[in-house]
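Starting off with a structure, shown below.
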Amino acid sequence: HYTIVKRLGEGILGPVFAVTDTDGTEGALKLLRPGTLDERLDLARLQAWVGKASKQKPSGLVLPRACGEHDGLLFLEMERVPGRSLRDAIDAFKDGAPLPWIEDVFYALLEVLESRHPGTHGHLGPEHVLIASEPGDGVCVVTLSSWGRNRLIKPGLLTDDQLGREGAWGVAPERTDLNGQSPPEAQSYAVAAMLYEALTGRAPEGQYQLPSYVRQGIPPLFDDLIEVGLAYSNTDRFHKAVDLRIALEDASGGVAVDRAGLKRVALGMAALAVIVILAVLAVVMLKPSQDDLRAKEGERRDALRASI
């Protein structure tokens, strides 16, 4: 039924291949590796899940179109999305992507998270963000490939896989179970971690440096965005994707000023403020009091009477 064109990659559930079916329709086929699936999952349950997935709004999501079983292996057939993953793009840029590119890609990503399906990912990483249309093509289109994955995986496997990786930098500190739905604050953490890596070319591990210190030309408002997005406590983070998007818009509109320049401006403003205060004090001290004014008025009247 399917002809394998090439291998596309491999995830926690198994390898993914580019395929064409007997009608010539292109797709992506994921073989589900034994031992990774929930023990209760069989072909009938998988078919029911695919049926439910087909009712989802397709925009912004890579959804399964069919499923089956071959030689004892379950498989999913999905739409094949052209383009590259955010992981591949970040690796290609090495030392950080251009700011306009970052803004377009993350606007598109946050729009998907905001309006399509908040909270439906067990964990969201750069390998799950597919850039179907690059910003230079006119309109950036981002899709997500990890929808519903947590419903298939063996309990605890996703958590062990992600948290067992060195650094686990994209996982919010409070998350100990990734098989459940991801709270909005945890998604904000994951997006902020991806944004940091896109800006700097490095992961926000340990006591990370703020983006404007790592790379020249990054507006300082991005530092504030990253600090809030990667806050240790989930109560201190962005609570909705729309909040993160607004912060990104503000940061993108900021002016990139080097720290030394900011310090010089601040010192200049402080010196100017001291001069203004001294000038005001001098005016106040030189201004005659009411008693002085009354005395001078009395002298003027006395002089006027003496002249009459």
Gap between atom CG of D236 and atom CG of L230 - 0.5 Å precision
12.5 Å
D91 side, atom CG; R84 side, atom CZ - distance, nearest 0.5 Å
10.0 Å
Got a second to check how far E185's CD is from F238's CZ, nearest 0.5 Å?
12.0 Å
Determine whether F93 and I102 make a side-chain contact, defined as any pair of heavy atoms from C-beta on separated by less than 4.5 Å.
no
Please check if atom NE2 in H239 has more than 12 non-hydrogen atoms from other residues, nucleotides or ligands closer than 6.0 Å.
yes
In terms of hydrophobic clusters joined by side-chain contacts under 4.5 Å, are W101 and L109 together?
yes
Can you tell if the side chain of L199 reaches within under 4.5 Å of the side chain of L99, non-hydrogen atoms only?
yes
Hydrophobic cluster identity match, L31 and M78, side-chain contacts under 4.5 Å
no
L86 vs F106 side-chain heavy atoms within contact, under 4.5 Å:
yes
Do the side chains of V19 and L76 join up, straight or via other hydrophobic residues, at under 4.5 Å, putting them in one cluster?
no
Residue pair V191 / M194, side-chain heavy-atom distance below 4.5 Å
yes
What's the verdict on side chain to side chain contact (heavy atoms under 4.5 Å, CB included) for R215 and Q209, showing C-alpha distance, side-chain angles and the deciding distance?
CA-CA 10 Å; R215 178 180 163 196; Q209 287 184 298; over 6 Å; no
Could you tell me if the side chain of F222 sits less than 4.5 Å from the side chain of S212, heavy atoms only?
no
Y2 vs T22, side chain to side chain contact (heavy atoms under 4.5 Å, CB included): CA-CA, chis, key distance, verdict:
CA-CA 7 Å; Y2 297 102; T22 52; over 6 Å; no
Can you check whether L225 reaches L244 side chain to side chain, under 4.5 Å on heavy atoms?
yes
Say you draw a straight line from CZ of R245 to CG of D250; how long is it, rounded to the nearest 0.5 Å?
10.5 Å
Please check if the side chain of R237 supplies one atom and the backbone of Y189 the other of a donor-acceptor pair under 3.5 Å.
no
Should T25 and R65 be marked as a side chain to side chain contact (heavy atoms under 4.5 Å, CB included) after you check the CA-CA gap, both sets of side-chain angles, and the distance that decides it?
CA-CA 12 Å; T25 303; R65 298 190 297 205; 4.2 Å; yes
State, to 0.1 Å, how close K240 and S188 come at their nearest heavy-atom pair, and which atoms those are.
O-OG, 4.3 Å
Could you check whether any side-chain N or O of D21 sits under 3.5 Å from a backbone N or O of D23, counting only pairs where one atom can act as donor and the other as acceptor?
yes
Any side-chain heavy atom of P211 sitting closer than 4.5 Å to one from I226?
yes
Given the rule that I, L, V, M, F, W and Y join up when any side-chain heavy atoms are under 4.5 Å apart, are V5 and L29 in one cluster?
no
Of all heavy-atom pairs between Q47 and C67, which one has the smallest distance, and what is that distance?
CG-SG, 3.5 Å
Report yes or no: does R202 contribute a side-chain atom to a donor-acceptor pair with the main-chain N or O of D95 at less than 3.5 Å?
no
Which atom names give the shortest non-hydrogen contact between P219 and A251, and what distance separates them?
CB-O, 3.7 Å
Could you see if Y208 belongs to whatever hydrophobic cluster contains V214? Use Ile, Leu, Val, Met, Phe, Trp, Tyr and a side-chain cutoff under 4.5 Å.
yes
A28 to V16 - nearest heavy-atom pair and separation
CB-CG1, 4.2 Å
CD (E79) and CD (E26) are apart, to the nearest 0.5 Å, by 10.5 Å
Supply the atom-to-atom distance D223 CG to Y213 OH, rounded to the nearest 0.5 angstrom.
7.0 Å
